[in-house]
Amino acid sequence: MAGLVETMGLTGRTNVHGEQVQRLDEFANTTIIQALDHTGLLAAMASEEMEDFYPIPERHTRGPYILVFDPVDGSSNIDVNVSIGTIFSVYRRDDDSPPRVEDFLRPGREQLCAGYLIYGSSTMLVYTTGQGVHGFTLDPTIGEFLLSHENIRIPDRGAIYSVNEGNYGGWSDAVRRYVDSRKSAGYSARYIGSLVSDFHRNLLKGGVFLYPADRKSSEGKLRLMYEANPLALIVEQAGGRASNGSESILDIQPRQLHERTPLVIGSRLDVDDFDAAL
Ligand code: AFP
């Protein structure tokens with residue numbers, strides 16, 4: 001309904017990343033918090049749209065879980081009707097003391113559950129709790145997500161590469177060689193500009209997505225906690241890999257809530273080639 005009601009366009013605010021906040025970013029962030037803050041399941045939440053983490057108010061019962069999420073991934077695609085998504089990840093904390101930021105700064109391997117919703121030609125929920133990756137499609141006639149993609153496995157090698165080649169000039173020689181090698185191997189280039197959508201396509205068809213470090217962003221652009229980590233758990237559960245070029249994304253020890261990381265993710269052999277090229 002975004003084009004018909006006041007949910008298109010900017011709020012006029014910028015977020016902790018210096019990005020202009022879209023109305024839908026704000027709406028989605030508030031909707032997720034209001035849907036979950038009184039469930040008695042969570043102790044705290046953290047989001048791309050909030051500088052600090054959000055402790056569940058004491059008027060509500062606090063639970064053993066913490067949630068990290070990107071309310072709208074691909075915001076720059078909202079107004080141009082290109083598919084976008086929501087990414088989430090759940091950890092458990094084992095003490096009743098008031099939540100602290102340290103509760104969030106844990107390696108991705110400690111995630112209990114990770115998933116995303118993709119708002120494309122159909123709306124899908126894809127998640128893992130460590131027992132494989134499963135996809136559900138929303139049936140709008142009954143308002144239910146129905147199992148449509150059970151036990152998703154990503155092909156060991158793909159034929160698609162996804163990267164913003166506009167950044168080519170700022171890449172290291174090794175990254176340029178890697179991308180050139182995909183071209184000379186006859187891979188197709190596909191880049192939507194919404195991580196969830198590029199990842200989802202490669203998950204189903206095989207391929208590799210990368211957002212490497214470059215001269216303008218030495219740590220890459222994507223956020224470790226609520227972009228890279230959840231998708232890394234999903235891709236590993238589907239037989240693929242996710243790396244920053246030197247280590248698995250899931251083994252990185254986070255230092256800050258909104259830290260960035262270089263990311264290469266997708267078919268195992270394509271990610272192996274990237275690590276070998278560096
Ligand atoms: P937004 O949510 O600000 O649109 O950023 C999207 C994103 O984090 C990720 O979804 C894309 O893969 C990547 O940034 C696109 O970045 P470029 O526009 O620099 O290619």
Side-chain angles (χ1 to χ4, degrees), residues 28 48 68-78 82-90 108 111 113-129 132-137 148-149 151-165 167 178-179 182 187-212 220-245 248-250 252 260-275:
E48 181 190 38
V68 194
F69 62 98
D70 179 355
V72 177
D73 172 62
S75 314
S76 52
N77 279 328
I78 296 170
V82 169
S83 63
I84 55 178
T86 295
I87 311 174
F88 63 89
S89 134
V90 178
Q111 294 173 97
C113 170
Y116 58 85
L117 289 122
I118 179 166
Y119 314 114
S121 45
S122 65
T123 294
M124 280 189 70
L125 163 68
V126 175
Y127 80 94
T128 185
T129 54
V133 177
H134 310 288
F136 298 74
T137 300
S148 54
H149 299 67
N151 209 18
I152 299 170
R153 302 295 295 172
I154 186 169
D156 282 346
R157 184 176 285 289
I160 290 171
Y161 72 99
S162 317
V163 66
N164 182 344
E165 289 200 60
N167 299 330
Y178 175 78
V179 171
R182 298 311 98 170
Y187 283 43
S188 286
R190 291 281 183 281
Y191 191 71
I192 297 169
S194 295
L195 171 63
V196 163
S197 312
D198 282 310
F199 174 81
H200 186 70
R201 180 206 45 249
N202 294 350
L203 181 70
L204 298 182
K205 294 193 167 194
V208 60
F209 170 96
L210 59 159
Y211 208 112
K221 176 186 180 183
L222 302 178
R223 280 45 68 117
L224 175 63
M225 298 297 298
Y226 38 78
E227 289 182 313
N229 267 335
L231 300 184
L233 188 69
I234 290 170
V235 86
E236 284 209 1
Q237 280 285 315
R241 281 196 60 216
S243 165
N244 64 0
S248 166
I249 292 290
L250 295 176
I252 298 172
R260 299 174 191 267
T261 178
L263 175 67
V264 56
I265 186 167
S267 293
R268 181 174 56 79
L269 298 173
D270 289 300
V271 178
D272 289 351
D273 292 348
F274 183 85
D275 289 354

Exercise. Residues in side-chain hydrogen bond (donor to acceptor under 3.5 Å, both in side chains) with Asn164, at least two apart?
Worked result: none
Problem set entry | Within residues 188-198 or reaching into it, pairs that qualify as salt bridge (Lys or Arg N to Asp or Glu O under 4.0 Å) - sequence neighbours excluded | Asp198-Arg201
Exercise. What is the distance from atom NZ of Lys205 to atom CG of Asn202, rounded to the nearest 0.5 Å?
Worked result: 10.0 Å
Exercise. With sequence neighbours left out, what residues match Tyr161 under ring pair (Phe, Tyr, Trp, His ring centres under 6.0 Å)?
Worked result: none
For this session: Kindly indicate whether the side chain of His149, heavy atoms from C-beta on, has any atom under 4.5 Å from the side chain of Thr137.
Result: yes
For this session: First locate atom CE of Met225, then atom CD of Gln111, and finally report the distance between them rounded to the nearest 0.5 Å.
Result: 7.5 Å
Exercise. Within a strict 4.5 Å, meaning less than it, do heavy atoms of the Asn229 and Ser89 side chains meet?
Worked result: no
Can I get a per-line list of side-chain donor-acceptor pairs under 3.5 Å for residues 113-124, giving both atom names and the distance, sequence neighbours left out?
unit_1 : atom_1 : unit_2 : atom_2 : d
Tyr116 : OH     : His200 : ND1    : 2.7
Tyr119 : OH     : Thr86  : OG1    : 2.7

Problem set entry | Gap between atom OG of Ser194 and atom CD1 of Ile87 - 0.5 Å precision | 9.5 Å
Problem set entry | Taking every non-hydrogen atom, the tightest pair across Leu250 and Leu233 | CD2-N, 3.8 Å
Exercise. Just by distance, with hydrogens left out, do Asp275 and Ser243 show a side-chain donor and acceptor under 3.5 Å apart?
Worked result: yes
For this session: Taking all heavy atoms of Ala28 and all of Val72, pick out the closest pair and write down the distance.
Result: CB-CG2, 3.6 Å
Problem set entry | Interatomic distance, Asn244 atom CG to Leu263 atom CG [nearest 0.5 angstrom] | 9.0 Å
Exercise. Closest approach of Ile249 and Pro262, non-hydrogen atoms and distance?
Worked result: CD1-O, 3.7 Å
For this session: List in chain and number order the residues that pass ring pair (Phe, Tyr, Trp, His ring centres under 6.0 Å) with Phe88, two or more places apart in sequence or in another chain; answer none if no residue qualifies.
Result: none
Exercise. Atom CG in Asp73, atom OG in Ser83: separation rounded to 0.5 Å?
Worked result: 9.5 Å
Problem set entry | Residue from Ile265, Val179, Leu222, Asp270 passing side-chain contact (heavy atoms from CB on, under 4.5 Å) with Leu210 | Val179
Seminar exercise, completed: The reported gap from CZ in Phe199 to CG in Leu204 (rounded to nearest 0.5 angstrom) is 9.0 Å
Exercise. Which class fits the ring pair Phe274 and Tyr178: parallel under 30°, tilted 30 to 60°, perpendicular over 60°?
Worked result: perpendicular
Seminar exercise, completed: The complete set of side chain to side chain donor-acceptor pair (under 3.5 Å) pairs with one or both residues in residues 260-269, sequence neighbours excluded, reads Asp156-Arg268
For this session: For Glu227 and Arg223, work out which heavy atoms get closest and say how close.
Result: OE1-N, 2.7 Å
For this session: Mind listing the closest non-hydrogen atom pair of Val271 and Gly266 along with its distance?
Result: CG2-N, 3.7 Å
Exercise. What pairs with Thr129 under side-chain hydrogen bond (donor to acceptor under 3.5 Å, both in side chains), at least two apart in sequence or on another chain?
Worked result: Gln131
Exercise. For Ser188, which residues count as a side-chain hydrogen bond (donor to acceptor under 3.5 Å, both in side chains) partner, sequence neighbours excluded?
Worked result: none
For this session: Quick one: list whatever passes side-chain hydrogen bond (donor to acceptor under 3.5 Å, both in side chains) with Asp273, sequence neighbours left out.
Result: Arg157, Arg182
Exercise. Looking at Leu203 and Ala238, what are the two nearest heavy atoms and their distance?
Worked result: CD1-CB, 3.8 Å
For this session: With sequence neighbours left out, write down each residue that passes ring pair (Phe, Tyr, Trp, His ring centres under 6.0 Å) with Phe209, or none if nothing qualifies.
Result: none
